[in-house]
Chemist: 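Below are the structure tokens for one structure; questions will follow.
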Amino acid sequence: MSENRYPFWEVEPKIQKFWRENHVNDIDLDDPAEKKQYVLVMFSYPSASKLHIGHWWNYGPTDTYSRFKRMQGYKVFEPMGFDSFGLPAENFAIKVGTHPKQVTEQSISSIQAQLEAIGAMYDWRYRVITSHADYYKWTQWLFLKLFEHDLAYENEGMVNWCPSCQTVLANEQVVSDGHCERCGAEVSHKKMKQWYFRITKYADELLLGLNEIDWPESTKTLQRNWIGRSEGAWIKFPLDGIEGEIEVFTTRPDTIYGVTYVVVAPESSLVEKVTSRDRLEKVKDYVNSALHATEVERTAKNRAKTGVFTGGYVTHPLTGAKLPIWVADYVLGSYGTGAVMAVPAHDQRDFEFAQEHSLPMQIVIRPTDQFLEIEEMREAYEEEGIMQNSENFSGVPSVDGKNAVTEKLEKLNAGAKAVTYRLRDWSISRQRYWGAPIPVVHCEDCGVVAVKEEDLPVLLPEEIEDFRPKGTSPLGGIREWMETTCPKCGKPAERDPNTMDTFVDSSFYHLRYLAADNHSQPFRPDRMKEWLPIDTYVGGSDHSTGHLIYFRFITRFLHEIGISPVAEPARRMIHQGLIKKGGIKMSKSKENVVNPDLFVKRHGADVFRIYLMFMGDYRIGGDWSDEGISGIDRFINRVWRLVRDFRPKGKVDGTPIAKDYPESVYRAYHFMVKAVAENLEAFSFNTAISRMMELVNELYGWLDTDAEIVDHAAIQRILKNLIIVLAPFAPHFSEECWQRMNEEGSIFDQTWPEFDPEALVQDTIELVIQVNGKVRDRLEAPADTDKKRLEEMALESDRVKEFLKTGTLRKVIVVPGKLVNLVIN
RNA sequence: GCGAGCAUGGCGGAAUUGGCAGACGCGCAGGAUUUAGGAUCCUGUACCUGAGGGUGUGUGGGUUCGACUCCCACUGUUCGCACCA
């Protein structure tokens with residue numbers, strides 16, 4: 001064997017076979033381990049049949065981390081599966097005119113084959129496939145548990161509706177300016193009966209839990225804002241002349257004396273109640289047009305605030321004043337109570353509305369240093385200040401007024417302290433075919449009845465003539481499937497034709513993986529106790545307010561009912577950055593998409609995955625260059641030739657790498673071992689690779705100067721450990737080298753080498769001499785030289801003396817071990 | 001509009017309790033070896049400059065003996081949220 005180039009095309013299949021035959025990647029979850037690591041990376045969405053560069057970017061580095069932890073002596077669980085239900089698979093099926101099941105199965109098998117090419121250490125016995133009945137049985141089981149605890153409920157609600165695709169869209173499928181992600185049509189809203197999960201019940205817990213986990217601050221902030229907790233008060237405004245009241249939520253009870261009108265949202269049921277006969281027509285027209293406005297129209301910039309007077313009035317709870325009730329779409333039906341008290345002088349939105357419709361304003365807060373005049377106000381004064389025109393509260397600072405006013409309202413039974421959230425309950429029903437059926441039955445006598453647990457799964461019928469979306473659930477068209485009997489009374493009843501959002505599937509997969517080799521139990525309590533929480537979870541930050549909240553919510557719920565031993569699913573979260581090409585995002589339209597297959601074919605899987613890791617900081621992303629990969633190719637081949645040229649006859653002895661090596665080699669080696677471990681722990685793959693390159697450069701330098709007398713055994717000892725450190729990055733390559741060095745078993749059962757801290761301590765340092773902060777000289781000095789001596793050395797320097805002539809020495813700063821700065825003027 | 005991140009050679013990127021800017025790699029230039037190579041090895045490579053030196057981390061200020069690093073303002077860029085009362 002004297003190849004000049006590493007023959008990856010022969011080695012990779014051979015090594016993969018070796019791993020399979022020797023069960024190198026098998027993991028026994030029941031065999032207790034002293035130290036464990038659960039490393040999870042978000043699973044893939046098999047929508048088309050090809051593995052793209054994003055998969056490699058996600059799975060390669062995560063696998064490197066997992067293998068590293070394994071070699072550090074941890075028992076590592078790194079599972080992989082397929083999130084195969086949902087729109088991507090279904091849409092692809094529609095496009096190619098094949099049944100979603102067929103499309104899904106095909107792409108799973110082809111993607112799995114490609115995933116194996118990455119060289120990751122997945123043990124496929126723990127694979128999950130969310131569209132298989134043995135998985136969605138537990139999705140349905142989860143639904144039943146939530147239903148049982150009153151956390152799943154059916155309600156009439158507004159949904160995103162794409163008129164061209166004829167379907168409901170998830171919020172995630174509506175792009176930012178209100179267009180359909182797929183067809184680009186404007187999304188409208190529609191009132192539909194939907195299933196919801198009561199995630200809002202967990203709002204506070206989800207907020208508090210953020211304090212306990214090591215997740216990126218940006219993601220925590222995103223989740224905090226998404227949950228959007230705000231403190232304030234409920235205030236009741238009794239209706240004038242008729243029975244009832246309008247309840248509003250406000251964060252500014254201190255502005256109550258500035259209320260000049262009240263507004264209800266168009267979708268509010270109050271509209272009908274408060275509208276007077278003579279205004280009926282106008283109000284109806286307005287409500288209709290507001291509700292049918294598209295997202296684009298409603299969010300248009302600088303749009304004038306529209307609304308109409310309902311003809312109804314309320315009474316101010318403190319002053320008794322009669323205030324008009326308006327209906328306007330700047331008030332959201334889904335937040336708070338769907339009604340607000342308008343304080344135009346102190347709320348910009350109310351201010352604009354009042355101006356538009358000539359409504360009165362009343363100033364009740366002023367800045368501490370001046371008085372405001374309505375005529376001079378160009379915008380609302382929203383800051384804190386001193387209350388005025390507020391009966392006996394006048395003169396009170398507004399910050400204190402909030403409580404004082406609320407207390408007074410409480411005494412009058414007209415209000416109370418309250419907390420509201422921006423977070424909404426999670427709408428989970430989809431009018432689509434390719435998902436887990438909702439396991440309930442609609443019975444004329446008993447209403448909504450849950451399917452019995454022992455009757456799960458409710459199978460998704462595979463025989464279906466037309467699975468395309470047409471506005472109602474395709475399942476509804478299959479009579480023999482829809483018709484069933486009521487689990488409670490036994491009379492004929494109908495199934496629910498909706499399927500569940502795919503985010504339900506992925507909300508518990510981390511628990512299911514641990515029992516995936518078992519089909520009769522959803523979870524394995526013993527294993528969960530051992531393996532949870534996830535130690536490192538890797539995935540895109542784009543899931544921050546979707547999956548990552550749902551998954552925390554469901555874990556919390558399962559914890560509460562005694563199933564999950566932990567409340568927070570993942571201790572550490574890492575988001576990968578974005579890979580670009582030519583500085584811009586890869587996209588088909590820009591024709592700059594990198595096809596991994598091409599480069600894997602040319603350089604091999606190991607080189608490809610290392611190059612991805614080398615491109616940049618994993619969390620920030622990198623810029624792909626077709627030429628850059630050759631640097632990694634060269635590096636791997638440089639190591640390859642060392643192994644070829646210094647291949648031992650027998651086994652390499654385990655003598656430590658000590659001071660008898662050239663100092664630069666000795667130090668580069670120990671520094672490499674230390675730095676690679678630290679860098680890997682921090683997901684800094686790029687700098688770890690640099691350290692290995694430095695060592696290889698040192699070895700070549702040694703050979704270059706000393707080719708005749710270099711001790712083969714000495715090189716072999718370094719090489720052996722270098723291969724071990726390189727193994728998590730280049731698994732096939734290193735396993736092959738390992739075998740060529742006459743070692744037994746798998747390299748992945750080796751332990752990470754130790755480094756010698758002493759090697760990193762330098763005896764002499766290079767002392768930098770600065771004059772006024774500029775480097776003027778460098779001197780050799782023993783590392784332990786004291787401050788005084790360093791100062792003397794600096795002043796003795798001839799070059800420094802030249803500069804000292806130009807001014808007077810004012811100050812000397814000595815940083816031991818580093819530098820001396822002389823300040824002159 | 002609001003919030004968060006980012007900005008360093010020809011290119012990708014290193015460097016943080018403030019202390020030698022440009023590690024490592026690509027590219028480029030020169031040399032060696034080779035029948036030949038787009039293989040391999042070695043050397044050089046921020047910019048300006050005549051040596052000495054000067055200038056440099058998006059722009060403008062500030063703090064400091066000393067700033068890529070900390071503070072303020074601005075510009076560009078990416079991402080998220082968008083009337084949340």
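Numbered from 1 within each chain, the chains take letters A, B, ... in sequence-line order. Values below: all heavy atoms of this structure, side chains included; hydrogens, waters and symmetry mates excluded.
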Chemist: Side chains of Thr250(A) and Ile235(A): closer than 4.5 Å at any heavy-atom pair?
Modeler: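 Side-chain contact under 4.5 Å: yes.
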Chemist: Suppose you measure atom P in G58(B) against the same atom in C68(B); what distance do you get, rounded to whole Å?
Modeler: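 So the two P atoms sit 10 Å from each other.
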Chemist: Measure NZ/Lys402(A) against P/A85(B) and give the value in whole Å, please.
Modeler: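 Distance, rounded to whole Å: 12 Å.
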Chemist: For the P atoms, the ones on C24(B) and on A15(B), what distance do you get once it is rounded to whole angstrom?
Modeler: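 It works out to 13 Å between them.
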Chemist: Could you check how far CZ of Arg424(A) sits from P of C81(B), rounded to whole Å?
Modeler: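 The distance from CZ of Arg424(A) to P of C81(B) comes to 14 Å, rounded to the nearest Å.
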Chemist: Using a strict threshold of under 4.0 Å (side-chain N to carboxylate O), is an ion pair present between Arg691(A) and Glu694(A)?
Modeler: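 Answer for the salt bridge query: yes.
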Chemist: For RNA chain B, which ranges pair as stems of 3 or more consecutive Watson-Crick or G-U pairs, with both donor-acceptor distances under 3.5 Å?
Modeler: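 Runs of three or more consecutive pairs: B:1-7 with B:75-81, B:10-12 with B:24-26, B:27-32 with B:40-45, B:46-48 with B:53-55, B:58-62 with B:70-74.
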Chemist: Which whole number of Å gives the distance between the P atom of G3(B) and that of G9(B)?
Modeler: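 29 Å, rounded to whole Å.
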Chemist: With RNA chain B as reference, determine whether Gly621(A) or Ile689(A) sits nearer its 5' end, using the nearest nucleotide of each.
Modeler: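 Mapping each residue to its closest nucleotide by heavy atoms, the 5'-most match is Gly621(A).
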Chemist: Does Asp633(A) come within less than 4.0 Å of Arg602(A), counting only side-chain N to carboxylate O?
Modeler: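 A salt bridge is absent here (no side-chain N lies under 4.0 Å from a carboxylate O).
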Chemist: Say whether Ser334(A) and Arg424(A), considering side chains only, have a donor N or O and an acceptor N or O under 3.5 Å apart.
Modeler: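 Checked: Ser334(A)/Arg424(A) side chains pair up, N/O donor to acceptor below 3.5 Å.
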Chemist: I need the CZ-C1' distance between Phe685(A) and G13(B), as an integer number of Å.
Modeler: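 After rounding, the gap between these two atoms is 16 Å.
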Chemist: Give a yes-or-no answer on whether the side chains of Arg422(A) and Asn225(A) include a donor-acceptor pair shorter than 3.5 Å.
Modeler: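 Their side chains do not contain a donor-acceptor pair, so the 3.5 Å distance test is not met.
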Chemist: Base, sugar-phosphate alone, or nothing: which one does Leu222(A) contact when heavy atoms must sit under 4.0 Å apart?
Modeler: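 Result for Leu222(A) = sugar-phosphate.
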Chemist: Cut-off 3.5 Å, side chains only: do Gln362(A) and Thr260(A) have a donor facing an acceptor?
Modeler: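 No, no side-chain donor-acceptor contact under 3.5 Å.
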Chemist: State plainly whether the residues Glu791(A) and Lys787(A) are in salt-bridge range, i.e. N to O under 4.0 Å.
Modeler: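 Lys787(A) and Glu791(A): not salt-bridged.
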Chemist: Are Arg229(A) and Asp204(A) close enough for a salt bridge, meaning some N to O gap below 4.0 Å?
Modeler: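 Salt bridge: yes.
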Chemist: Would you kindly say whether Asn592(A) and Lys580(A) are connected by a side-chain donor-acceptor distance under 3.5 Å?
Modeler: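 There is no such pair between these side chains.
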Chemist: Salt bridge or not between Asp254(A) and Lys402(A)? Use side-chain N to carboxylate O under 4.0 Å.
Modeler: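 Yes.
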Chemist: Any base atoms under 4.0 Å from Asn697(A), or only sugar-phosphate, or nothing? Heavy atoms, all strands.
Modeler: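 The answer is sugar-phosphate, as Asn697(A) gets under 4.0 Å only of primed atoms, P, OP1 or OP2.
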Chemist: What does Asp350(A) touch in the nucleic acid at a heavy-atom separation under 4.0 angstrom: a base, only the sugar-phosphate, or nothing?
Modeler: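 No contact at all - Asp350(A) keeps every heavy atom at 4.0 Å or more from the nucleic acid.
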Chemist: Applying side-chain hydrogen bond (donor to acceptor under 3.5 Å, both in side chains), name anything that partners Glu245(A), two or more places apart in sequence or on another chain.
Modeler: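 Glu245(A) satisfies side-chain hydrogen bond (donor to acceptor under 3.5 Å, both in side chains) with no residue once adjacent residues are dropped.
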Chemist: Quantified in whole Å, what is the C1' atom distance between nucleotide A46(B) and nucleotide C42(B)?
Modeler: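 Straight-line distance between the two C1' atoms is 23 Å.
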Chemist: How should the glycosidic conformation of G61(B) be described, syn or anti, under the criterion that syn lies within 90° of 0?
Modeler: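 Anti conformation for G61(B).
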Chemist: Between protein and nucleotides 29-40 of chain B, map the contacts as a letter string: B base, S sugar-phosphate only, - none, heavy atoms under 4.0 Å, written 5' to 3'.
Modeler: -----------S
Chemist: Once salt bridge (Lys or Arg N to Asp or Glu O under 4.0 Å) is applied, what residue pairs with a partner in residues 607-619 of chain A remain, sequence neighbours excluded?
Modeler: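 For residues 607-619 of chain A: Asp63(A)-Arg609(A).
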Chemist: For the P atoms, the ones on A23(B) and on C2(B), what distance do you get once it is rounded to whole angstrom?
Modeler: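 Each nucleotide's P atom is 40 Å from the other's.
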Chemist: Between Asp626(A) and Lys581(A), does any NZ, NE, NH1 or NH2 come within less than 4.0 Å of an OD or OE carboxylate oxygen?
Modeler: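 Yes, Lys581(A) and Asp626(A) are salt-bridged.
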Chemist: What pairs of nitrogen or oxygen atoms, one from the protein and one from nucleotides 66-69 of chain B, lie under 3.5 Å apart?
Modeler:
none

Chemist: Quick one about Glu247(A) and Thr337(A) (side-chain donor to acceptor, distance below 3.5 Å, no hydrogens or angles considered), yes or no?
Modeler: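 No pair is found: no donor N or O on one side chain lies under 3.5 Å from an acceptor on the other.
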Chemist: For Ile813(A) and Gly631(A), take the nucleotide of RNA chain B holding the closest heavy atom to each; which residue's nucleotide lies nearer the 5' end?
Modeler: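 Nearer the 5' end of the strand: Gly631(A).
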Chemist: Distance check needed: C26(B) C1' versus Met693(A) CE, whole Å only.
Modeler: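 Taking CE of Met693(A) and C1' of C26(B), I get 10 Å after rounding.
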Chemist: Can you name the atoms? Protein N/O to nucleotides 4-12 of chain B N/O, anything below 3.5 Å, with the distance.
Modeler:
from   : atom 1 : to        : atom 2 : distance (Å)
G12(B) : O2'    : Met615(A) : O      : 2.9

Chemist: Among residues 334-347 of chain A, which ones have heavy-atom contacts with RNA chain B below 4.0 Å?
Modeler: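 Tyr335(A), Val340(A), in order of number.
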Chemist: Would you mind telling me which of Trp57(A), Tyr611(A), Phe614(A) makes a ring-ring contact (aromatic ring centres under 6.0 Å, His included) with Trp624(A)?
Modeler: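 With Trp624(A) as partner, ring-ring contact (aromatic ring centres under 6.0 Å, His included) holds for just one option, Tyr611(A).
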Chemist: Go through residues 253-260 of chain A and report each residue with a non-hydrogen atom lying under 4.0 Å from RNA chain B, sorted by number.
Modeler: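 Output list: empty, so none.
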Chemist: Any side-chain heavy-atom pair from Leu206(A) and Gln223(A) closer than 4.5 angstrom?
Modeler: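 Sidechains of Gln223(A) and Leu206(A): no contact.
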Chemist: Can you tell me the distance, in whole Å, between the CZ atom of Arg667(A) and the P atom of A23(B)?
Modeler: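 Taking CZ of Arg667(A) and P of A23(B), I get 17 Å after rounding.
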Chemist: I need the Phe503(A) CZ to Trp426(A) CH2 distance, nearest 0.5 Å.
Modeler: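 The CH2 atom of Trp426(A) is 8.5 Å from CZ of Phe503(A), to the nearest 0.5 Å.
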Chemist: Taking N or O atoms only and anything under 3.5 Å, show me the protein contacts with nucleotides 53-58 of chain B, one pair per line.
Modeler:
from   : atom 1 : to        : atom 2 : distance (Å)
G53(B) : OP1    : Arg799(A) : NH2    : 3.2
G54(B) : OP1    : Arg776(A) : NH2    : 3.2
G54(B) : OP2    : Arg776(A) : NH1    : 3.2

Chemist: Detail all sub-3.5 Å separations between protein N/O atoms and N/O atoms belonging to nucleotides 75-79 of chain B.
Modeler:
from   : atom 1 : to        : atom 2 : distance (Å)
C79(B) : OP1    : Lys585(A) : NZ     : 2.8

Chemist: Using whole Å, report how far CG of Leu612(A) lies from C1' of G13(B).
Modeler: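 Checked: the CG to C1' distance equals 15 Å.
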Chemist: Report the residues that fulfil side-chain contact (heavy atoms from CB on, under 4.5 Å) with Ser684(A), sequence neighbours left out, ordered by chain and then residue number.
Modeler: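 Testing Ser684(A) for side-chain contact (heavy atoms from CB on, under 4.5 Å), a comparison that skips the adjacent residues, returns Asn679(A), Ala682(A), Asn686(A), Thr687(A).
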Chemist: For the P atoms, the ones on C83(B) and on G19(B), what distance do you get once it is rounded to whole angstrom?
Modeler: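 Nearest-Å result for C83(B) against G19(B) at atom P: 44 Å.
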Chemist: What pairs of donor and acceptor atoms, side-chain ones from residues 810-818 of chain A against any protein atom, are under 3.5 angstrom apart with sequence neighbours left out?
Modeler:
from      : atom 1 : to        : atom 2 : distance (Å)
Arg810(A) : NE     : Asn825(A) : OD1    : 2.7
Arg810(A) : NH2    : Asn825(A) : OD1    : 3.3

Chemist: Quick one, Phe733(A) and Phe8(A) - any side-chain contact, counting heavy atoms below 4.5 Å?
Modeler: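 With C-beta onward as the side chain, the pair stays apart.
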Chemist: Atom CD1 of Ile629(A) to atom P of G27(B): distance rounded to whole Å?
Modeler: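 Distance, rounded to whole Å: 12 Å.
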Chemist: Under 4.0 Å between any heavy atoms, over every strand shown, what does Ser230(A) touch: base, sugar-phosphate, or nothing? Just pick one.
Modeler: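 If one applies the 4.0 Å heavy-atom cut-off, Ser230(A) turns out to touch the sugar-phosphate alone, with no base involved.
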Chemist: To the nearest 0.5 angstrom, please state how far the CG atom of Leu359(A) sits from the CZ atom of Phe351(A).
Modeler: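 If I round to the nearest 0.5 Å, the distance is 12.5 Å.
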Chemist: Check the phosphate of C65(B) against Lys811(A), side-chain N and O only, distance under 4.0 Å to OP1 or OP2. Yes or no?
Modeler: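 Result: yes.
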Chemist: Please report the distance separating the P of C72(B) from the corresponding atom of G18(B), rounded so that it comes out in whole Å.
Modeler: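 One P to the other, the span is 16 Å.
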Chemist: Given atom CG of Asp617(A) and atom P of G25(B), what is their separation to the nearest angstrom?
Modeler: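 For the pair Asp617(A) CG and G25(B) P, the rounded distance is 19 Å.
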Chemist: Check whether any side-chain N or O of Asn637(A) sits under 3.5 Å from a backbone N or O of Tyr6(A) as a donor-acceptor pair, and report yes or no.
Modeler: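 Answer holds: yes.
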Chemist: Taking atom P in both U77(B) and U8(B), what distance in whole Å separates the two?
Modeler: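 Per the computed distance, 14 Å lies between those P atoms.
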